[in-house]
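Numbered from 1 within each chain, the chains take letters A, B, ... in sequence-line order.
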Amino acid sequence: MDNYLDGLNESQRKAAECIEGPMMVIAGAGSGKTRVLTYRIAHMVKLGVDPFNILALTFTNKAAREMNERIQKIVGDSDSRNLTMGTFHSVFARILRYNAERIGYPSNFTIYDTQDSKSVIKDIVKEFNLDDKAYKPGMVLGRISAAKNNLISAEAYATNEEILLEDKQSRRPELSRIYTAYVNRCQRAGAMDFDDLLFQTNVLLRDFPDVLQYYQHKFRYILVDEYQDTNYAQYLIVKKLAAAYENICVVGDDAQSIYSFRGANIQNILNFKKDYPDFKLFKLEQNYRSTKSIVEAANSVIARNKDQIKKEVWTENELGKPIVILRTLTDNEEGKVIANRIFDLKQTGEYTYKDFAILYRTNKQSRSFEEALRKLNMPYKIYGGLSFYQRKEIKDLLAYFRLTANPHDLEAFKRVINYPRRGIGKTTVENLIIASSSYNVTVWTILENMAQYPVNISAAAKAKLIDFVTMIKSFGAQLEQTPAYDLAHHIAKSSGILKELHSEKEKGPEEVERYQNVEELLSGIKAFAESIEEGEDQKTLSDFMLDVALLTDADQEKEEDKNKISLMTIHSSKGLEFPHVFLVGLEENLFPSQMSLNTRSELEEERRLFYVAVTRAEESCTISYAASRFAWGNLISSEPSRFISEINDDFIQHEHPYGEKVSSRSLSSKISEPTFQGGLNKRFSPAPKLRSLDSIKSGKTNSRVQEEHAALKVGYNVIHDRFGKGKVIEINGEGSDKKATIFFPKEGSKTILLRFAKLQILED
DNA sequence: CCAGTACTTAGGTTG
DNA sequence: TAAGTACTGG
């Protein structure tokens, strides 16, 4: 036997060697699951499985690429190239392109990003003359997205009494109509949104048995990583594809399920047992990543969750340093303190910048760390947030490319019809869109056949529109012949975008940056076009556009960014590891997020998120929180997160932000020296503070709020900011833990911690 | 049609 | 605070 399996321990090896039949690997944090997947695939290829028959679905494209590189080292280049690996979205986007016509889309369909989707919804709400406060684009899109992820089509939605009632009760009875209109508009524009990529794949596999059969046989071996974060639409795709051979391997960890807001469903793990009763179960419980302190600290917190599959994550690694807890006065100070700590560690010469990560709950928290790091001249990289592809200048140019590939793409059209300015105003565009609705054809069709579809626009506007159409058509004519970079550059130039950005070059650094960004996109296309492999055709711009909508910053990491401090949300840190992790902003209402406090399951997801964050750390994990932070221009005071007090005391150590230790170093001593600045008397029992955020904002006094909560009795009618009118059916707990169970006709009954509730007692 | 200004309102995570 | 929108005068 070759020695490539020698790098695995006993249980890893067993999992990697099992390649036939259904199997599930429950893999604790840091237990080497990527390793198992990698070696398992390599092993299959070594045993003679054709790589062409293997499908591996990963959570990010980066993970797929890295795995592919590692496999390549074992099995060689030509074999690894034939593997199908990637995210659900990118793999099935490609499959949909091949088969688009069968489900009523052009093969060059556009992929609408969230911004595009919201814009479509905004238009619909406006056209239907609906209250844009009740129908906020984000909320509507969320509802549509949830429906699609559960494979509920617009038609099914419109005839589902339960859903309709739900919408009616939340005073949004028009959601169904909006959903229908939204689907129609996307389809007419030849566009799919992110959720369509999964939804339409299901349609394709459901309605075309020959297609299903083809892919069932092609993907004879299927692997799914991060299975705990798949939603119903993804579950069903996998189930269908695996039905013929049942060579299906799923890998996951229920303790790291953090995407339920996106429809992810732990239920999928349970379904797996039902779908494949004779499946093999493997558990990887030995952690190789982190010190004992880190593993035990994380374990002690996650143990509080009720919903979980029992497992014992353990490690042979040394005890290591305790988790350090830091308290700072403000968010700005938090930034400085963390930056200083990193600076000091870096000074020891043992580490490089890439060994450090700052993890936060929300993207906006990055600001104070950026500032502090910049002052100390330390290089950092922010993941997520506003990505390169979301920048205005990039989206503008991409919109020209999109329109060239698919001129019916209305969102791209709206974006660039008057950028750079060519005197085509809002009214003209609005009239075109209205006409498009009444003729039931796309705006582009109208523009191509102005004689056939009269529109109420001025002659001047008409002439300009014709120029525009001519230009886009001339781009389109070159799409399939001209090399990608040449056409891209040509479009950037003749559309006027380059000139527009160049003419403002004098104005300041931001403008210069914009110009450079466009140049960077163009050189990215150049690199893409030059990356052709032997036997491949020349790459065109339309090849480039195929999956540009699915690219993220992490996929395009630049060489100079490789050795930098990483700043990212906990969500995007999933699957990564760092010697030193700084987990910041551990405050009630921020982490756990205020929005998660209403139900146990939401709170448990926050706790899993905390678990994910802590287990990213290899050597040290430092947790910080601020006593107050800026929000919307004013200072809001905050309390330490409950998660801090949930960590087993044996593995934590409170330190003064500027160095000296607050408590004795001994791990076993139950520390409680009250020497924090500003004096926090007790240790972190989530202090029974009744003065909530809201009472401060609304200017209510402490006692007033207390009175209101004390006065609340079973049977009272109340109004809640988010849930509306409700009736109190139960009260329990004391002080800060006082909770009320309230029945809201629109939302069902909820148990709410009074200290966070925004309740108003009704007079009667 | 456009650019500048006043006003409003933000609650979170992502492909 | 900051970003996005609505309004208004040129």
Just the rounded figure in Å: distance from C1' of dG12(B) to CD of Gln365(A). 11 Å
Between dT13(B) atom P and Phe59(A) atom CZ, what is the distance in whole Å? 15 Å
Short side-chain N/O contact from Lys364(A) to OP1 or OP2 of dT1(C), under 4.0 Å: no
Verify the stacking flag for Phe630(A) against dT1(C): centroid separation must be under 5.5 angstrom and the ring planes must differ by under 30 degrees. no
OP1, OP2 of dG15(B) versus side-chain N and O of Asn231(A): anything below 4.0 Å? no
Can you check the Glu226(A) CD to dG15(B) C1' distance for me, whole Å? 14 Å
Answer yes or no: does a side-chain N or O of Asn363(A) lie under 4.0 Å from OP1 or OP2 of dT13(B)? yes
On a whole-Å scale, what distance lies between the C1' atoms belonging to dA6(C) and dG11(B)? 24 Å
Where the side chain of Gln594(A) is defined as all heavy atoms beyond and including C-beta, which of dG15(B), dT13(B), dG11(B) is the nearest nucleotide? dG11(B)
Quick one: does NZ or CZ of Lys392(A) land under 6.0 Å from the six-membered ring centre of Tyr419(A), within 45 degrees of the ring axis? yes
Kindly indicate whether a cation-pi arrangement holds for Lys381(A) with Tyr383(A), taking the cut-offs as under 6.0 Å to the six-membered ring centre and within 45° of the axis. yes
Quick check on DNA chain B: between Leu550(A) and Gly423(A), whose nearest nucleotide comes earlier from the 5' end? Gly423(A)
Given atom NZ of Lys118(A) and atom C1' of dA10(B), what is their separation to the nearest angstrom? 12 Å
Whole-Å distance, Gln115(A) CD to dG4(C) P, equals 9 Å
Between Ser596(A) and dG11(B), is there a side-chain N or O to OP1/OP2 distance below 4.0 Å? no
Do Asn589(A) and dG11(B) share a donor-acceptor pair, side chain to base, under 3.5 Å? no
Using whole Å, what does the distance between atom P of nucleotide dG15(B) and atom CZ of Phe261(A) come to? 9 Å
Between dG15(B), dA10(B), dG12(B), spot the one nearest the side chain of Thr362(A), thanks. dG12(B)
Residue Lys122(A), side-chain atoms from C-beta onward, closest of dG15(B), dC1(B), dT5(C): dT5(C)
Give Ser145(A) one of three labels, base, sugar-phosphate or nothing, depending on what nucleic acid heavy atoms sit under 4.0 Å from its own. nothing
Show the nearest heavy-atom pair for residues Asn108(A) and Asn406(A), with the distance to one decimal. O-CB, 3.7 Å
When we call it a touch if two heavy atoms are under 4.0 Å apart, what does Lys133(A) touch: a base, just sugar-phosphate, or nothing? sugar-phosphate
With respect to the side chain of Trp632(A), which nucleotide from dG15(B), dT5(C), dA10(B) is positioned closest? dA10(B)
In whole angstrom, give the distance that lies between atom CD1 of Ile424(A) and atom P of dC1(B). 9 Å
Does a donor on one side chain sit under 3.5 Å from an acceptor on the other, for Asp195(A) and Ser145(A)? yes
Respond yes when some side-chain nitrogen or oxygen of Thr427(A) is under 4.0 Å from OP1 or OP2 of dC1(B), and no when none is. yes
Looking only at side-chain atoms of Phe194(A), point me to the closest of dG12(B), dG15(B), dT14(B). dG15(B)
side-chain contact (heavy atoms from CB on, under 4.5 Å) assessment of Val301(A) paired with Arg607(A): CA-CA 7 Å; Val301(A) 174; Arg607(A) 198 175 277 117; 3.6 Å; yes
Any side-chain donor paired with an acceptor under 3.5 Å for Ser117(A) and Tyr182(A)? yes
Tell me, yes or no, whether the heavy-atom count around Phe88(A) atom CZ, taken from other residues, nucleotides or ligands under 6.0 Å, exceeds 12. yes
Describe the nucleic acid contact of Phe88(A) in one word from base, sugar-phosphate, nothing, applying a heavy-atom distance below 4.0 Å. nothing
Roughly how many Å is it from NZ in Lys464(A) to P in dC1(B), rounded to a whole number? 8 Å
Residue closer to the 5' end of DNA chain B, Arg361(A) versus Arg421(A) (nearest nucleotide): Arg421(A)
Respond yes when some side-chain nitrogen or oxygen of Lys136(A) is under 4.0 Å from OP1 or OP2 of dA10(B), and no when none is. yes
Which nucleotide in dT14(B), dA10(B), dC2(B) has an atom nearest any side-chain atom of Asn418(A): dC2(B)
With a 3.5 Å cut-off and just heavy-atom distances, do the side chain of Glu606(A) and the base of dG12(B) make a donor-acceptor pair? yes
